Amino acid sequence: MSGSTHDELAEFHAALARLTPTPDGINLAQLMYQAGRLSAARRNGVWRIATAASMMLSLGLGSMLWLRPLPQPTERIVQVFVQPPAPPPEPTPPTNDEPTPALSEPDLPTDARQAGGETDYLRLRRQVLAHGLDTLPPPTPWPAAAPPVDTNTLLDLPKDSREPWIRFLKHSLQSGDPL
Amino acid sequence: MASVGPELLERLTTEHAAALVLYARQWCGTPEDVVQEAFLKLVVQKRPPDNPVPWLYRVVRNGALAANRAERRRRHHETKAAARTPVWFVNADLAGLDAEATTAALRALPPEQSEVLVARIWGGLTYEQIGEAVGCSAATAYRAYVAGLSALREKMGVSCPDRPTTN
């Protein structure tokens with residue numbers, strides 16, 4: 001492009017630039033109002049979306065809870081094996097080399113101790129618990145009482161003593177009166 | 001970056017609305033609506049463009065082309081719409097040019113030339129900004145500008161316009 005043509009175009013450009021476009025016809029106040037409304041709507045849109053999402057979530061969870069089937073009762077078969085009562089063991093004579101720790105307990109009855117140790121006592125207890133007191137064997141009678149002993153011998157007193165306090169003591173023991 | 005505030009919107013409207021309307025007139029008969037929509041699109045941008053003016057020109061161009069397609073679907077006879085086209089300029093006496101002749105000559109130009117002329121002359125955009133708005137390189141925009149200006153001058157029969165007289 002030659003210089004003269006360039007200058008002519010520049011002058012023509014300047015002349016065109018002096019032309020003023022017709023007024024745009026845009027109402028600035030209306031534009032600002034619509035811009036503010038759009039901006040506010042955009043800010044509210046986030047909350048609308050969040051509200052709608054939370055509402056949908058709550059509705060979904062509520063419907064799931066409402067439509068959930070009730071738990072069905074389950075039937076189970078439980079088998080319990082009951083062992084038959086064992087036959088009473090044969091009484092075994094106590095042996096000296098067997099340890100008998102249970103016999104040393106003070107609350108064991110004498111019959112149990114004498115009847116053959118812990119095994120007999122447990123067997124007796126099981127029978128009582130199962131069938132009652134009637135199954136108890138008749139009690140063993142106590143050994144015969146010793147013949148009455150003389151008071152002097154019992155108190156280790158001299159036989160021919162005539163001391164008054166000894167006579168008072170003898171009288172009290174014989175009559176049962178308190179001293 | 002914050003969204004477009006009212007101060008920036010007012011400044012852009014005051015400085016560029018008229019040129020944008022003229023830019024949109026090349027394609028559609030409702031340029032004011034297209035330009036207003038472009039400004040509103042700028043407001044609702046979460047991240048405003050770094051260069052809002054070329055962005056506005058691009059949005060106006062797309063909106064005007066879309067409006068043109070809608071108008072073509074609505075009206076079967078485009079010549080009627082062209083006959084009702086108003087004059088695009090005022091105070092032509094001050095420039096020493098005929099407003100109607102300039103409007104007719106601009107309308108007769110190819111769109112790729114007329115849009116570059118409007119953006120360059122009345123929009124004040126650089127060739128880089130025109131290329132950004134139109135979608136071409138700055139060199140292409142410059143060549144379209146020179147070709148369009150020469151064609152316009154030839155159509156108007158202006159060899160060298162008279163300089164305006166100032167009192």
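Treat the numbers as computed from the prediction; the structure is a model and nothing was measured.
Scanning both residues, A:Pro21 and B:Ala18, for their nearest heavy atoms gives CB-O, 4.0 Å. Nearest heavy atoms, B:Gln36 versus A:Ile26: OE1-CG2, 4.1 Å. Between B:Thr102 and A:Leu16, the closest heavy-atom pair is CG2-CD2, 3.9 Å.
Using a 4.5 Å cut-off between heavy atoms, A:Leu28 contacts chain B through its side chain alone, with no backbone atom that close.
The local environment of CD in B:Glu112 is crowded, with over 12 non-hydrogen atoms from other residues, nucleotides or ligands closer than 6.0 Å. B:Glu15 CD: more than 12 foreign heavy atoms inside a 6.0 Å radius.
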Evaluate the criterion side chain to side chain contact (heavy atoms under 4.5 Å, CB included) for residue pair B:Tyr145 and A:His13; output intermediate values, then yes/no. CA-CA 10 Å; B:Tyr145 163 77; A:His13 176 116; 2.5 Å; yes

Between A:Thr20 and B:Phe89, is a side chain to side chain contact (heavy atoms under 4.5 Å, CB included) present by the stated rule, with each step listed? CA-CA 5 Å; A:Thr20 304; B:Phe89 303 101; over 6 Å; no

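Each of B:Val43, B:Leu152, B:Val21, B:Ile121 has some count of heavy-atom pairs under 4.5 Å with chain A, and the biggest count is that of B:Ile121.
Put simply, A:Leu70 and A:Leu65 are part of two different groups of oily side chains (I, L, V, M, F, W, Y) that touch within less than 4.5 Å, one to the next. Note on B:Leu8: it clusters hydrophobically with B:Val44, by side-chain heavy-atom contacts below 4.5 Å among ILVMFWY residues.
Taking the ring pair (Phe, Tyr, Trp, His ring centres under 6.0 Å) definition, one finds that B:Tyr57 meets it with B:Tyr23, sequence neighbours left out.
Although no hydrogens or angles enter the test, the distance criterion places no donor-acceptor pair under 3.5 Å between the side chain of B:Trp122 and the main chain of A:Arg18.
Using a 4.5 Å heavy-atom threshold, the side chains of A:Leu31 and B:Glu10 count as separate. Here the side chains of A:Leu19 and B:Trp88 are not in contact, with every heavy-atom distance at 4.5 Å or above.
A distance of 5.5 Å separates CG of A:Leu38 from CG of B:Leu40, quoted to the nearest 0.5 Å. Between the CG atom in B:Leu9 and the CE atom in A:Met32 there is a gap of 5.0 Å [rounded to 0.5 Å].
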